[in-house]
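To find a chain, count down the sequence lines: A is the first, B the second, and so on, and within it residues start at 1.
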Number of protein chains: 2
Amino acid sequence: MMELTRKGEYAIRGIVHLAQLQPGKVALISEIAEAVDVPQTFLAKILQSFAKIGIVKSFRGAGGGFMLGRPAARITLREVVEAVEGPILPNRCLLGAGTCERDGTCGVHPVWRQVQQRVVEVLDGVTIEDLAARDKP
Amino acid sequence: MMELTRKGEYAIRGIVHLAQLQPGKVALISEIAEAVDVPQTFLAKILQSFAKIGIVKSFRGAGGGFMLGRPAARITLREVVEAVEGPILPNRCLLGAGTCERDGTCGVHPVWRQVQQRVVEVLDGVTIEDLAARDKP
DNA sequence: CACCTAAAGGACCATATTTGTCTTATTTAT
DNA sequence: ATAAATAAGACAAATATGGTCCTTTAGGTG
Ligand code: SF4
Ligand code: SF4
């Protein structure tokens with residue numbers, strides 16, 4: 001239960017790799033994909049979606065590639081995960097009142113809320129910088 | 001991300017309903033399914049899987065049905081969820097060393113371990129009795 | 001015993017999601 | 001111009017989800 005998909009796993013690997021390069025360096029998707037062992041076209045989509053929300057920057061054409069959109073210390077693991085997997089949502093009913101007609105009296109509802117909070121807490125507390133530093137050889 | 005499936009949601013509703021009946025009472029699947037608003041045959045499969053691991057008891061034939069296999073106070077939400085959704089596992093690599101060849105140096109790995117622990121902690125801390133009591137009218 | 005009741009088991013199926021690939025634009029540097 | 005890259009979008013195989021339906025087995029009852 002609660003498994004991260006490949007997409008999520010790949011997304012993290014990709015952005016952590018970017019954070020391990022010298023700041024300002026632009027990396028080719030082909031290089032990144034090989035380094036983190038992810039199918040190139042798949043990773044391309046992921047990084048493109050990151051570009052849309054600004055956590056990476058992309059440059060087209062000759063000399064192009066990808067780099068971080070802001071300092072790794074200001075990108076949280078939560079942002080990365082939610083960007084590709086959607087919000088942390090242990091149960092649909094957390095979306096808003098009325099999603100489940102039982103939510104008024106339901107005793108389970110608050111438990112999911114708590115699970116959500118705990119997970120968010122952990123993921124918010126980890127930055128890509130932390131990860132990049134920790135898993136260097 | 002991390003969404004409970006219908007099966008998980010239904011499983012909880014079903015067993016909480018059982019816990020709300022008078023102890024010892026045997027309930028028909030048809031009654032339970034209607035009460036908790038779940039397709040009957042689907043719920044039947046779920047309760048059958050519960051019967052296999054002992055958290056509910058089932059009786060066949062005339063006068064048969066389902067009841068809890070042990071006091072609601074000794075059935076945790078975690079057991080119920082894991083019974084139908086599998087272990088709480090935010091990432092495959094938590095299964096064991098060697099699942100991912102990067103797990104030795106990987107800095108992300110421990111984060112997932114922590115997420116797992118937090119979630120397990122919450123779900124272990126809630127019993128079906130708690131839920132049954134809380135969501136009574 | 002015969003018969004009814006109810007769960008158990010298994011085959012099946014429709015739909016959605018995951019995990020990609022491939023092709024065709026665009027953009028940019030030289 | 002041309003070559004180098006990403007962007008966008010269509011497509012598709014594999015898997016997971018969310019069920020249904022039918023037959024079998026077990027247990028009561030007269
Ligand atoms: S029954 Fe409770 S836990 Fe389940 S979806 Fe509704 S509000 Fe949420
Ligand atoms: S790279 Fe790290 S987090 Fe990802 S699967 Fe491997 S060990 Fe786990």
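The CD atom of Glu85(A) sits 8 Å away from the P atom of dT19(C) (whole-angstrom rounding). With rounding to whole Å, Leu43(B) atom CG is found 14 Å from dA6(C) atom C1'. Atom CD in Glu3(B) sits roughly 13 Å away from atom C1' in dA16(C) (whole-Å rounding). The CZ-C1' distance, from Arg6(A) to dA16(D), rounds to 14 Å in whole Å. Summarising the geometry, the separation between CD on Glu31(A) and P on dA5(D) is reported as 9 Å, rounded to the nearest angstrom. What separates CD of Gln40(A) from P of dA7(D) is a distance of 12 Å, to the nearest Å. Rounded to whole Å, atom C1' of dG20(C) lies 10 Å from atom CD1 of Ile46(A). Between the CG atom of Leu18(B) and the C1' atom of dA7(C) there is a distance of 14 Å, rounded to whole Å.
Of all heavy-atom pairs spanning Ile46(A) and Ala11(A), the tightest one is CG2-CB, 3.6 Å. Nearest heavy atoms, Leu47(B) versus Val56(B): O-CG2, 3.5 Å. Listed here is the closest heavy atom pair of Leu18(B) and Met67(B): CD1-C, 4.2 Å.
As judged by a 4.0 angstrom heavy-atom cut-off over every strand, Leu47(A) is placed among residues making no nucleic acid contact. At the heavy-atom level, Lys52(B) lies under 4.0 Å from the strands shown only through sugar-phosphate atoms. Nucleic acid contact for Leu28(B): sugar-phosphate only, since backbone atoms but no base atoms lie under 4.0 Å from a heavy atom of the residue.
A salt bridge does not link Arg102(A) with Glu9(B): none of the charged nitrogens is closer than 4.0 Å to a carboxylate oxygen. Comment: Lys7(B) does not engage Glu85(B) in a salt bridge, judged by the lack of any side-chain N to carboxylate O separation of less than 4.0 angstrom. Glu121(B) and Arg118(A) are joined by a salt bridge, as a carboxylate oxygen and a charged side-chain nitrogen come within less than 4.0 angstrom of each other.
Residues Val111(B) and Val122(A) meet the side-chain proximity criterion, which asks for heavy atoms closer than 4.5 Å.
A sub-4.0 Å separation between OP1 or OP2 of dT6(D) and a side-chain N or O of Gln48(A) is absent. The phosphate of dA7(D) (OP1 or OP2) has a side-chain N or O of Ser58(A) nearer than 4.0 angstrom. An OP1 or OP2 oxygen of dG18(D) is reached within less than 4.0 angstrom by no side-chain nitrogen or oxygen of Tyr10(B).
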For nucleotides 22-30 of chain C, 5' to 3', base contacts (B), sugar-phosphate-only contacts (S) and non-contacts (-) with protein non-hydrogen atoms under 4.0 Å give ----BBBS-

